[in-house]
Amino acid sequence: MENKIINLGIFGFGCVGQGLYEVLNRTKGINARIKKICIKDPNKSRPIDSSYFTTDKNEILEDPTIDVVVELINETEAAFEIVSTALRNGKAVVSASKRMIAENLASLYQLQAENKVPFLYEASSCASIPIIRNLEEYYDNDLLNAVEGICNGSTNYILTKIFEENLSFETALQQAQELGFAETDPTLDIEGYDPKFKIVILLLHAFGTFVKPEEVFNFGIHHLNDFDIQFAKQRNSTIKLIGHCRRNNGNVFAFVLPHLVKEHNLLYDVYNEYNGILLESAFTDKQFFVGKGAGGTATGSAVLSDISALLYNYRYEYKKIKQNNQPAFTNDVKLKVYLRYKTPDQVDLTEFFSIEEKYESSTWRYVVGTINLQKLKDAAWLKNKDVNLLVLE
Ligand code: HSE
């Protein structure tokens with residue numbers, strides 16, 4: 001596609017779509033222009049000329065002059081339908097839809113191979129941080145041991161406001177929604193589903209392992225209370241929602257869980273909607289990537305970077321899959337956790353390998369102990385609002 005102007009057909013004109021529009025307008029050096037934007041609601045007032053818009057998806061998908069489809073909508077099934085049709089029609093596709101991608105990774109991989117067209121999705125994981133391309137290009141070997149970090153901007157924003165400004169959870173969440181960081185359904189953020197989708201995507205690019213989102217355990221910050229916050233503060237720590245994948249005895253495990261994070265940890269200083277990713281590799285030890293993980297223009301910048309990469313015929317090669325020594329996924333790993341509850345009948349402490357600290361008061365109780373990740377994933381008792389979990393370093 002070098003030296004030509006590429007015509008973009010965009011699906012969705014919400015926070016990210018508008019962010020991309022702004023970023024494109026301010027980037028003089030890119031040979032790309034928006035030809036059409038497909039939207040759902042024609043009656044909504046839009047900040048740009050109405051001639052851009054259509055409600056007919058085929059005006060993009062079947063227009064031979066449109067080279068690249070940019071998919072930025074909310075609905076998972078509709079997004080998959082658009083992306084797969086576009087790939088089958090021989091169009092390159094850029095997407096930011098982490099849920100759709102995570103849930104359909106194997107099919108999307110297949111579709112790219114069958115149709116020999118690129119599908120790029122840097123914006124889907126950690127927005128402005130170029131993590132997928134780093135995993136694909138720089139870490140194109142099997143020396144990588146772990147990928148972990150903060151990969152949800154909204155929950156990091158909420159936790160920052162709680163710890164740094166003593167804001168209530170509800171006020172902080174409302175701000176995250178107003179700033180365009182949160183998902184349309186914010187439970188996806190606060191219960192840890194959104195970062196899990198990102199971890200599933202990163203896991204494939206880091207290790208070549210396909211995992212379905214439902215295989216990975218996620219627990220968010222929805223049960224956090226003042227007692228937990230005090231527990232963290234008394235230990236000169238903060239709380240961060242962390243996604244983690246790591247090689248372990250020839251396998252790889254992954255999860256998204258709230259962690260107690262001490263000051264020496266690089267993730268401690270990642271604030272607001274910023275994300276931070278730590279990579280661990282055999283000879284480089286730790287490397288740290290930080291950047292805005294949510295918001296229209298931050299995400300739009302990553303989409304722009306993918307569009308620009310297409311001009312140079314870039315595509316993911318999924319080198320780890322081709323290297324053919326991908327680790328198998330497992331939930332069989334021990335974690336040291338803090339488990340807070342109100343009454344003993346709310347939890348099953350027999351599931352623990354060991355308990356090293358126990359606290360009881362007239363209001364809250366907690367234990368610190370070691371438990372298997374699979375046990376946590378299976379624990380129905382974690383659904384009780386009185387029960388909260390934090391991973392300890
Ligand atoms: N809701 C997401 C977040 C948006 O807060 O990180 C970016 O993926």
Side-chain angles (χ1 to χ4, degrees), residues 12-20 22-23 70-76 79 94-103 105 120-132 147-162 167 169-203 205 213 216 218-222 224 239-244 256-258 267 270-277 289-306:
F13 201 62
C15 181
V16 180
Q18 291 176 42
L20 172 64
E22 190 182 331
V23 172
V70 182
E71 182 284 303
L72 306 170
I73 68 169
N74 248 318
E75 298 79 14
T76 305
V94 175
S95 169
S97 299
K98 51 262 159 137
R99 179 179 191 161
M100 180 277 290
I101 297 166
E103 288 179 352
L105 262 178
L120 302 181
Y121 41 87
E122 187 61 72
S124 69
S125 298
C126 305
S128 74
I129 305 178
I131 187 64
I132 298 178
V147 179
E148 69 162 323
I150 296 165
C151 38
N152 180 265
S154 306
T155 45
N156 203 46
Y157 182 89
I158 294 168
L159 291 167
T160 302
K161 295 291 161 189
I162 291 174
L167 247 60
F169 190 101
E170 289 70 27
T171 309
L173 170 59
Q174 199 185 335
Q175 287 184 3
Q177 288 177 294
E178 284 163 7
L179 290 163
F181 303 150
E183 296 301 297
T184 313
D185 171 4
T187 58
L188 291 171
D189 298 297
I190 61 177
E191 295 188 12
Y193 288 94
D194 175 85
K196 174 165 80 169
F197 300 137
K198 294 162 180 169
I199 283 293
V200 164
I201 296 169
L202 295 182
L203 192 70
H205 290 277
V216 179
N218 61 293
F219 188 84
I221 58 168
H222 50 309
L224 190 74
I239 294 172
K240 297 287 188 191
L241 185 61
I242 292 179
H244 195 126
V256 172
L257 293 170
L267 298 174
V270 178
Y271 297 115
N272 296 316
E273 79 273 28
Y274 277 73
N275 285 185
I277 292 285
F289 297 77
V290 67
K292 283 189 178 176
T297 44
T299 314
S301 298
V303 175
L304 179 89
S305 178
D306 278 351

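All values reported here derive from a predicted model rather than from experimental measurement. Indexing begins at 1, ligand by ligand and atom by atom, following the structure's order.
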In terms of its nearest heavy atom to atom 2 (C) of ligand 1, the top option of Glu183, Gln177, Lys292 is Glu183

Determine whether Ser125 and Asn275 make a side-chain contact, defined as any pair of heavy atoms from C-beta on separated by less than 4.5 Å.
no

Report the C-alpha distance between Gln174 and Glu170 in whole Å, list the side-chain angles of each, state the deciding distance to 0.1 Å, and finish with yes or no for side-chain hydrogen bond (donor to acceptor under 3.5 Å, both in side chains).
CA-CA 6 Å; Gln174 199 185 335; Glu170 289 70 27; over 6 Å; no

Looking only at protein heavy atoms, identify the closest one to atom 5 (O) of ligand 1 and say how far it is in Å.
Ser154 OG, 2.6 Å

Just heavy atoms, cut-off under 4.0 Å: does Asn152 contact ligand 1 by side chain, backbone, both, or neither?
both

Surrounding NZ of Lys292 (heavy atoms of other residues, nucleotides or ligands, distance under 6.0 Å), is the total greater than 12?
no

Spell out, as yes or no, whether a donor-acceptor pair under 3.5 Å connects the side chain of Asn218 to the backbone of Val256.
no

Part of Glu273 with heavy atoms under 4.0 Å of ligand 1, whether side chain, backbone, both or neither:
neither

Under a 4.0 angstrom heavy-atom cut-off, which atoms of ligand 1 come close to Gly293?
6 (O), 7 (C)

What are the atoms of ligand 1, with element, lying closer than 4.0 Å to any heavy atom of Gly153?
3 (C), 5 (O), 6 (O)

Non-hydrogen side-chain atoms of Val147 and His205 separated by less than 4.5 Å:
no

Judging by distance only, is a nitrogen or oxygen of Ser124 under 3.5 angstrom from one on ligand 1?
no

Return the closest protein heavy atom for atom 8 (O) of ligand 1 as residue, atom name and distance.
Lys98 NZ, 2.6 Å

Closest non-hydrogen atoms of Val23 and Gly300, given as atom of the first, atom of the second and distance, are CG2-C, 4.2 Å

When you look for heavy atoms under 4.0 Å from ligand 1, do you find them on the side chain of Asn275, its backbone, both, or neither?
neither

Evaluate the side-chain proximity of Ile162 to Leu224: yes if any heavy-atom separation is below 4.5 Å, no if none is.
yes

Taking distance alone, with N or O pairs closer than 3.5 Å, would you say Ala294 contacts ligand 1?
no

Should you measure from each heavy atom of Lys198, which atoms of ligand 1 turn up under 4.0 Å away?
2 (C), 3 (C), 6 (O), 7 (C), 8 (O)

With respect to Lys240, which candidate in Ile221, Ile150, Thr155 satisfies the side chain to side chain contact (heavy atoms under 4.5 Å, CB included) definition?
Ile150

Atoms in ligand 1 with a heavy atom of Asp189 nearer than 4.0 Å:
1 (N), 2 (C), 3 (C), 5 (O)

Any nitrogen or oxygen of Phe181, side chain or backbone, less than 3.5 Å from one on ligand 1?
yes

Using side-chain heavy atoms (C-beta onward) and a distance below 4.5 Å, is Ile101 in contact with Phe197?
no

